[in-house]
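Notes follow the structure.
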Amino acid sequence: MARPLKIAFLISGRGSNMDKLLDLCAARPDQLEAVLVAADRPAAGLARAAARNIATRILTPADFGGRRPGQEQALLEAIKAARADWVFLAGYMAILSAELLDQLAGRVINIHPSLLPHFKGLDTHQRALAAGHRQHGLSVHMVTAGMDEGPIILQAAVPVDDADTPDRLASRVLAAEHLCYPAVLAALADRHLSLDQGVVWHPAAQLPDPAAAGLLWLSKGPRAAEDHG
Ligand code: GRF
């Protein structure tokens, strides 16, 4: 049997997506091994990772004279020392440099709370409401040097309610993230998703049922552009 895939996680805060991914690693020890949780600032999620006996690191730019390159070099060394096969960003707030990403060779995955290419960056829920979109959602994508760019692995749409506030919408999107991000990691573990030659899904990949999950749609790869108004 193939050895477990070794997964490193980068976080900057709460770490609720990290928790769901670590739950999956714990449930599938033959396939998945969480080898590192690293943060670029003190992050609430670190203590929970440590409580699971997973190696944790805090590497802040301030530790390197305020210099991102020094911080990134230390991060890269930690990821390499952990022999991680994949790096999952789970609320990591810094943009990784092209130099770091070159070293990690297409092995970095992110989740973003919008239907990319809409609303790259911050405050996505507020911006989706302000724009009058009737569908919001999430995207899981491979990380390339552009912010919130890179090939789409999976997208899921969350319907917008008339009564939504940014927080109310955010909580439904986050619940969808908690289903979809583990589904991507599970597909990698099952070898039902290959990212070596772009995003290639195996027909047997198990994804959440959009209806049961309260989603409008869930799509492998990017959903075709459509009218969000
Ligand atoms: C999530 O909404 C994720 O999509 C975004 O940052 C947030 C992180 O939340 N990249 P958490 O730290 O996983 O709770």
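Just follow the structure's listing: the first ligand is 1, and inside any ligand the first atom is 1.
When hydrogens are left out, the protein atom nearest atom 9 (O) of ligand 1 is Arg14 NH2, 3.1 Å; that is the closest non-hydrogen contact. Of the protein's non-hydrogen atoms, Glu177 OE2, 2.9 Å is the one closest to atom 2 (O) of ligand 1.
Under a 4.0 Å criterion applied to the non-hydrogen atoms of Gly91, ligand 1 contributes the atoms 6 (O), 8 (C), 10 (N).
Comment: Arg127 does not engage Asp123 in a salt bridge, judged by the lack of any side-chain N to carboxylate O separation of less than 4.0 angstrom.
A donor-acceptor pair is defined here as one N or O able to donate and one able to accept, closer than 3.5 Å; no such pair exists between the side chain of Arg223 and the backbone of Gly221. Side-chain atoms of Thr56 do not come within 3.5 Å of backbone N or O of Val37 as any donor-acceptor pair.
Exactly one of His133, His112, His125 qualifies for a ring pair (Phe, Tyr, Trp, His ring centres under 6.0 Å) with Phe119. That residue is His133.
In summary, the side chains of Asp63 and Gln71 do not present any donor paired with an acceptor at a separation below 3.5 Å, with no hydrogens or angles considered.
Considering each of Ile111, Asn110, Leu21, the one bringing a non-hydrogen atom nearest atom 10 (N) of ligand 1 is Ile111.
Annotation: Gly15 places an N or O atom under 3.5 Å from an N or O atom of ligand 1; distance criterion only.
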